[in-house]
Visitor: 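Just passing along the structure, written as structure tokens.
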Amino acid sequence: MAATPTGDVDVDSEAVSASIVGASGFAGGELLRLLAGHPEFELSQATSREYAGKSVGSVHPPLRGTDLRFSQPGDLESVDVLFTATPHGVTMEHIDEYQDAAELVVDLSADFRLDTEAQYDEWYDGHSCPGKLDVAQYALPEVNRENLAGADVIASGGCNATATILGLYPLAEAGILDGADVVVDVKVGSSEGGAGGGAASSHAERSGVVRPYAPTGHRHEAEIEQWLGTSVSFTCHAVDMVRGASATCHVFPDGPVSNGDLWGAYRGEYDDEPFVRMQAGGSGTYRYPEPKAVAGTNHAEVGFELDASNERIVVFSAIDNVVKGSAGQAVHAANVALGFEETAGLEFAGLHPVGSP
Amino acid sequence: MAATPTGDVDVDSEAVSASIVGASGFAGGELLRLLAGHPEFELSQATSREYAGKSVGSVHPPLRGTDLRFSQPGDLESVDVLFTATPHGVTMEHIDEYQDAAELVVDLSADFRLDTEAQYDEWYDGHSCPGKLDVAQYALPEVNRENLAGADVIASGGCNATATILGLYPLAEAGILDGADVVVDVKVGSSEGGAGGGAASSHAERSGVVRPYAPTGHRHEAEIEQWLGTSVSFTCHAVDMVRGASATCHVFPDGPVSNGDLWGAYRGEYDDEPFVRMQAGGSGTYRYPEPKAVAGTNHAEVGFELDASNERIVVFSAIDNVVKGSAGQAVHAANVALGFEETAGLEFAGLHPVGSP
Amino acid sequence: MAATPTGDVDVDSEAVSASIVGASGFAGGELLRLLAGHPEFELSQATSREYAGKSVGSVHPPLRGTDLRFSQPGDLESVDVLFTATPHGVTMEHIDEYQDAAELVVDLSADFRLDTEAQYDEWYDGHSCPGKLDVAQYALPEVNRENLAGADVIASGGCNATATILGLYPLAEAGILDGADVVVDVKVGSSEGGAGGGAASSHAERSGVVRPYAPTGHRHEAEIEQWLGTSVSFTCHAVDMVRGASATCHVFPDGPVSNGDLWGAYRGEYDDEPFVRMQAGGSGTYRYPEPKAVAGTNHAEVGFELDASNERIVVFSAIDNVVKGSAGQAVHAANVALGFEETAGLEFAGLHPVGSP
Amino acid sequence: MAATPTGDVDVDSEAVSASIVGASGFAGGELLRLLAGHPEFELSQATSREYAGKSVGSVHPPLRGTDLRFSQPGDLESVDVLFTATPHGVTMEHIDEYQDAAELVVDLSADFRLDTEAQYDEWYDGHSCPGKLDVAQYALPEVNRENLAGADVIASGGCNATATILGLYPLAEAGILDGADVVVDVKVGSSEGGAGGGAASSHAERSGVVRPYAPTGHRHEAEIEQWLGTSVSFTCHAVDMVRGASATCHVFPDGPVSNGDLWGAYRGEYDDEPFVRMQAGGSGTYRYPEPKAVAGTNHAEVGFELDASNERIVVFSAIDNVVKGSAGQAVHAANVALGFEETAGLEFAGLHPVGSP
Amino acid sequence: MTTCTECGADVALHDDAEAGEIVDCTTCGAELEVIDVSPPVLEKAPELEEDWGE
Amino acid sequence: MTTCTECGADVALHDDAEAGEIVDCTTCGAELEVIDVSPPVLEKAPELEEDWGE
Ligand SMILES: NC(=O)c1ccc[n+]([C@@H]2O[C@H](COP(=O)([O-])OP(=O)(O)OC[C@H]3O[C@@H](n4cnc5c(N)ncnc54)[C@H](OP(=O)(O)O)[C@@H]3O)[C@@H](O)[C@H]2O)c1
Ligand SMILES: NC(=O)c1ccc[n+]([C@@H]2O[C@H](COP(=O)([O-])OP(=O)(O)OC[C@H]3O[C@@H](n4cnc5c(N)ncnc54)[C@H](OP(=O)(O)O)[C@@H]3O)[C@@H](O)[C@H]2O)c1
Ligand SMILES: NC(=O)c1ccc[n+]([C@@H]2O[C@H](COP(=O)([O-])OP(=O)(O)OC[C@H]3O[C@@H](n4cnc5c(N)ncnc54)[C@H](OP(=O)(O)O)[C@@H]3O)[C@@H](O)[C@H]2O)c1
Ligand SMILES: NC(=O)c1ccc[n+]([C@@H]2O[C@H](COP(=O)([O-])OP(=O)(O)OC[C@H]3O[C@@H](n4cnc5c(N)ncnc54)[C@H](OP(=O)(O)O)[C@@H]3O)[C@@H](O)[C@H]2O)c1
Ligand SMILES: [Zn+2]
Ligand SMILES: [Zn+2]
């Protein structure tokens, strides 16, 4: 039963070893899946306190048939790269231990995304290891590719922040956001909440919702502002899908902007990006970015439409929150940092038809 | 608000007769359901060209067991009230015929919602009976109750427009919209598209979506502007539910507004409204307005949150598009116009738990 | 089958008082909803240990606007009827206390459904109050109407058992089950698991499933056997809906059976039943029983088809598990026991279209 | 934008060329996706009458970025392998033309699945090219691997038949089906109906269903009987998922069978199969076969449980209908026929978490 | 009978309400802490984190 | 390396496995309790109730 792909690189002799802390969670499970199919990495350990001793496939069906079993996070062995997919606060507490174990730590939590302690004081509950903040590099290659090589700590972006930044970055670079008012209205799936599950996230309560959460003051505003250089009015809604984050950005620029300006800005930024796809108009069922068209993949879809009468640009951006918005972004950044093919391990192109993946 | 109807009128001797044109559709089916349970109305005819001769229950399961059969729209008999639930363009073509058949015509389409021919020229493809436009009254009692008595033609509002107007009307009345910038980001269910169904609305393609449609230039902007006195930047998304329209309104007022101002505005407008419920904060699973909490009912939920740092008011409004956003609104308006108990026939309070109704 | 409520009893002067233990749960919430709209009952108390002090509407959106707040189960006051919607094992422990508080106890759990202690030893973990077993009457009026008047304890049936019994009872009565082999393949929604919610019932894990559970040895077999006089091979699957239980019964009768025999058996049993609807064949979208056609209602749909080449009868039965399969059945039985109109408080006929209610 | 994987084989010099007739449909789209990622095939043409001239990515989002455009089925060029994914009846009409174009025709329809004209007369509407029936080989490698090499026509199995045959084949081989009674209760997703979409398969009508269809007399019974050597009592239900077919087989063997017998039969048959996974019991969320655990993959999950008290074996089998049940099976069979690595192009292992893919 | 500090609506307290108890306003849904009972004084309760994450 | 008591497949135990530990068989999914380690002996672990109710 060959449940997982094997690449053509000689894995045994020159593979880069990698372990995952928090491998029983949703983001950690994706890391397992992506690294198991990656031609350059060899999986070493996958931790879970709750499932230690069980096979990784008992929690994550795509991994069935692999012999790897969860180990305790306290039993970490040395590896080349350590991916950490733990809740906010864990990595900042254990960063020294993690860096002892691996030359490169790729963290999926918010712990090293922001530049300064002051931001953590404002948006989170402070930071327990602020001295390491300037060592860390933000993972998203589309905005930070040039700083990833040689990084010691890479901080994978927030999923809502990733969707928003990818949607608006070309406008920021083109100066179109200068003085602009920006509203970001996000819709996300249930996997964003992680593998826990209380009464409110039960199937009966969570099905069929369009449920506002974090109407104002969402923490990802900090990351977005850091990368776009402007503040945004941000509101999030839970909708009935498992994977997916979709950001609709309503941008009111300071002066007139033409369709040509916009295509120039977007194509200039994204034409050579392996994981960003423009989707703006056209015909048929899929005309604008939508999350189910990228579910399971590391792709982002980005598109826009000009609203001349309201002097508005509507930008749509859609990603899979646990891939491009988390584990896939982390692997992509590691590929860049280690000099691998950027798309290595991230080639899956998605499914059609597909329901609510 | 009594959750069940009570009927003290002697139905047999003095019931008001009503027929429905377009009764095989989604909005028409709701009219059938609501009128069948209404203490004051007696159903006369229900038209469908496609299903003429079949029992209404063969199309609409809740009507099973009733003896009524669909008739041809050409065979209309005289009744007290005629409800028309046909696609845009049909009622304007047949308005004379409909008015011959009934003293009161309640139309669910867009044909008589706008005040002037110019608006139809701008937003639709013109109007074939502009002379009747000023005879018609907009149905939504929360904004137009005082003009409904004695109306000859009542035009039930658009579902997205209804959600938006209910969310913003108290701000308009309180002057808070004067000079404000307003973005309206709407999420709707599949029943909004009616009972047709092409490839794009098939289950396989339409499941699990967050799909932008009408990113700009949505026709309901006209209605909204007419009632709020200000233009709004409007964008719509199809999401995975069947019933429901949810409007998130991002309002940037001209000057400072306090929580107290907002509560004053909203409670002043809605405290006595039988079908509007405030839902703003609190605890538990249901903290803000959401469509599944009002699915199947004529209730609207409205709530808001102040975003001090962005000088923004976020307003949420949720309705069932085929009830409050269509058939229920029509029956409510007819109740007002005819002097019935306002809540007659509209008492159903919804279900919990409920999935994606 | 009257689709709309009629209330001729003077509610204020002679209402029957009722309380609910376990009112924050899914079945208890339905009881609240049904009794709040019932012309004969007046709600007294609704218990919840977790939510004591909060308004019932804070947990159950359809109850918003009512002033009733949850109280502690230890603070029960005397009422005419006590409905108990607690997990299995609670009522058998507290039955004396409950009977002290009310003349009629209607229990929704499995605690008093079976006739003998031996059955509880075989199928459950024994019974702590076996002496009361023969006092209790099974609620399902379609099979036990004549024994409900004057009962002290009424035991509402299991939802899967109710679906199965309603599907097969006419065959049992007609002798067609004698010597027959019967397979029952059930599909149920997530509300069957109650309002708790662990990781396996989270939205992310529970969405989109066809998940076998209780492949063999399901406890409801005991109830089914008790009422049909024959054992059945029973298997259950969780599917992606919130409300609904659907039983497909594959019956292999001992001798030849004709379509006429079947219609005779089913119509004989159900023609006068207010809550059972035959649905067998026909045209259009809804040809056979399906749960979404009865969601939110106390109706059962039953239908069948003969498979001549396999000498098989396929019987379909569909209910809403929390209404006909639980709270609605309990209210129906109470209506019968107390001499009320059978359909009082249970007139809601459902919605069309409707997604996954 | 590298939307599709590229293998390491030198595609230009030695690739096997392949075209797809019916490439705009659901099964044809999967063929496109699988062949685009296949190391041995080079895509030549993809036909669609409706979308001729459009890029394949305009219909199938995972193919975006590829340059291939749909061509007319009348313009077929010579290739090594022709895959046909047209509705039943098309291939039998065009088989000569298809065989002229390619040495190997792999048909996904029912046209060449059955052995004899008599079967087509009994289960379908006859056959227009019965002389070719004995040339064709059934695709499913698990039951027919040894006959695929050198085949001229390969007939990919029906999705429900595939699920059923995989579930029961080890029992048939072990003689346990001899004299056994077998009920097969199937649950399938909406993609089984193809990309058309009428009113009944619209999102509003098809969401949330457990809808019986083909209660008796399903055509796949013919295929099943052909491969298992016994007739089965077969019933199908549409449930709310897009991909997936799940067969629950209730088997009543003639004599006693032990757990050991069963494991012997299943492991003997499947231990070396690359695409069959046993899943029977265990702990956690995923204990038995379920379709969402294999969605998007060519894997089948098979499991069973003994019901001693009813002398029954319950067998569960789950596949993705458009992969293992159609396009994936076809590619797998072609791999076998052409001597490629069996798993080539079929390595995707699925997603977790995943909603309703 | 007292007044919701959030929206100003009337809030009915039951007879044996005690200081420290949390009630919700049935008009706006706000959670209110009973600070005193005679006369009744309410205060907005500290907000609970939504438990369905981000 | 030892054998699953349910399905007979090989089960690999890690080096520092201890008696009392629960492992799952990667062939059939059964939960197995490690009864002894040298030589390894497994026994089917008591079944956990599904936590998603009926
Ligand atoms: N889900 C998303 O869409 C998403 C997107 C972007 C970023 N992220 C970030 O990724 C991280 C993981 O999110 P998730 O959704 O995967 O959460 P999750 O499903 O709850 O998983 C959390 C994982 O961390 C482990 N863990 C928890 N506390 C730990 C501790 N103190 N030490 C070691 N391991 C611990 C858990 O396993 P045990 O308890 O068994 O050890 C589990 O494997 C979070 O920081 C989140 O913000 C998630
Ligand atoms: N669905 C909503 O959420 C919603 C909300 C607000 C307003 N509305 C408005 O309500 C109206 C109906 O919408 P719907 O969603 O119910 O549409 P629908 O499901 O497509 O139903 C349309 C109905 O009109 C009938 N019809 C079509 N053309 C006709 C003609 N020329 N003469 C007579 N009858 C005709 C159809 O039946 P036959 O073809 O069999 O005669 C059918 O009964 C539309 O104007 C819509 O804008 C709908
Ligand atoms: N859901 C269905 O489809 C269905 C169908 C047929 C029958 N039933 C039966 O109905 C009963 C309730 O099911 P459910 O689905 O509504 O479960 P649920 O949602 O879990 O609700 C259980 C209720 O009981 C209360 N409760 C729990 N333990 C208690 C105790 N020791 N004393 C007093 N109250 C207690 C809980 O509230 P607090 O913990 O806050 O007090 C809660 O209100 C069960 O016996 C079930 O078998 C349910
Ligand atoms: N969907 C499944 O789960 C599944 C599983 C097993 C087997 N199958 C079988 O696979 C076949 C295709 O099923 P599907 O679900 O993919 O159907 P579909 O989505 O309806 O696709 C049918 C395809 O055939 C083309 N087509 C139709 N008539 C044609 C003709 N006369 N000549 C040439 N092309 C024609 C259509 O494109 P144009 O009309 O644009 O040319 C379309 O590309 C069927 O035989 C089905 O039984 C399907
Ligand atoms: Zn308040
Ligand atoms: Zn095993």
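The figures here come from the full heavy-atom set of this structure, side chains too, leaving out hydrogens, waters and symmetry mates. To find a chain, count down the sequence lines: A is the first, B the second, and so on, and within it residues start at 1.
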Visitor: Quick one, B:Glu30 with B:Ser326, criterion side chain to side chain donor-acceptor pair (under 3.5 Å). Give me CA distance, side-chain angles, the key distance, then yes/no.
Guide: CA-CA 9 Å; B:Glu30 280 297 89; B:Ser326 182; over 6 Å; no
Visitor: Apply side chain to side chain donor-acceptor pair (under 3.5 Å) to residues B:Tyr286 and B:Glu301 and explain how you reach the verdict.
Guide: CA-CA 11 Å; B:Tyr286 297 88; B:Glu301 286 193 345; over 6 Å; no
Visitor: Do you know which of A:Val314, A:Leu306, A:Thr248 has the most heavy-atom pairs with chain B at a distance under 4.5 angstrom?
Guide: A:Thr248
Visitor: Testing the basics here: between A:Gly325 and A:Ile319, what is the closest heavy-atom pair and its distance to 0.1 Å?
Guide: CA-CD1, 3.7 Å
Visitor: Is the shortest side-chain heavy-atom distance between A:Lys292 and B:Arg211 below 4.5 Å?
Guide: yes
Visitor: Can you list the residues of residues 350-357 of chain B that sit under 4.5 Å from chain A, counting heavy atoms only?
Guide: B:His352, B:Pro353, B:Val354, B:Gly355, B:Ser356
Visitor: Tell me, out of A:Met241, A:Arg243, A:Glu290, A:His203, who's got the most heavy-atom pairs with chain B below 4.5 Å.
Guide: A:Glu290
Visitor: Measure from the side-chain N and O atoms of B:Ser207 to the backbone N and O of B:Ala204, and report whether any donor-acceptor pair falls under 3.5 Å.
Guide: no
Visitor: Over all heavy atoms of both residues, which pair between A:Val315 and A:Leu171 is shortest? Give the atoms and the distance, please.
Guide: CG2-CD1, 4.0 Å
Visitor: Can you say whether the rings of A:His218 and A:Phe234 are parallel (under 30°), tilted (30 to 60°) or perpendicular (over 60°)?
Guide: tilted
Visitor: So, the side chain of A:Tyr169 versus the backbone of A:Trp227: is there a donor-acceptor pair under 3.5 Å, distance only?
Guide: no
Visitor: Of all the residues in residues 184-191 of chain B, which have a heavy atom that comes within less than 4.5 Å of a heavy atom in chain A?
Guide: B:Asp185, B:Lys187
Visitor: Does any heavy atom of chain B fall under 4.5 Å from the side chain of A:Val210, the backbone, both, or neither of them?
Guide: both
Visitor: Under 4.5 Å heavy-atom distance to chain A, tell me which part of B:Glu221 shows up: side chain, backbone, both or neither.
Guide: side chain
Visitor: Test your reading of the model: is there a side-chain donor-acceptor pair from B:Tyr270 to the backbone of B:Met278, 3.5 Å cut-off?
Guide: no
Visitor: Among B:Phe304, B:Tyr288, B:Tyr266, find the one that has a ring pair (Phe, Tyr, Trp, His ring centres under 6.0 Å) with B:Phe316.
Guide: B:Tyr288
Visitor: In sequence, state the C-alpha distance, the side-chain angles, and the governing distance for A:Asn160 and A:Glu192, and then conclude on side chain to side chain donor-acceptor pair (under 3.5 Å).
Guide: CA-CA 9 Å; A:Asn160 301 327; A:Glu192 213 180 335; 2.9 Å; yes
Visitor: Look at A:Val242, A:Val209, A:Val232, A:Asn310 and state which one has the largest set of heavy-atom pairs under 4.5 Å with chain B.
Guide: A:Asn310
Visitor: Please flag which part of A:Ser233 lies under 4.5 Å from any non-hydrogen atom of chain B: side chain, backbone, both or neither.
Guide: both
Visitor: Testing the basics here: between B:Asn321 and B:Cys159, what is the closest heavy-atom pair and its distance to 0.1 Å?
Guide: CB-CB, 3.7 Å
Visitor: Is a side-chain donor or acceptor of B:Ser317 paired with a backbone partner of B:Ala163 at a separation under 3.5 angstrom?
Guide: yes
Visitor: Tell me which of these, B:Ala318, B:Pro291, B:Ala293, B:Ala295, has more heavy-atom pairs under 4.5 Å with chain A than the rest.
Guide: B:Pro291
Visitor: I'd like to know which of A:Glu305, A:Glu205, A:Glu311, A:Arg312 tops the heavy-atom pair count under 4.5 Å against chain B.
Guide: A:Arg312
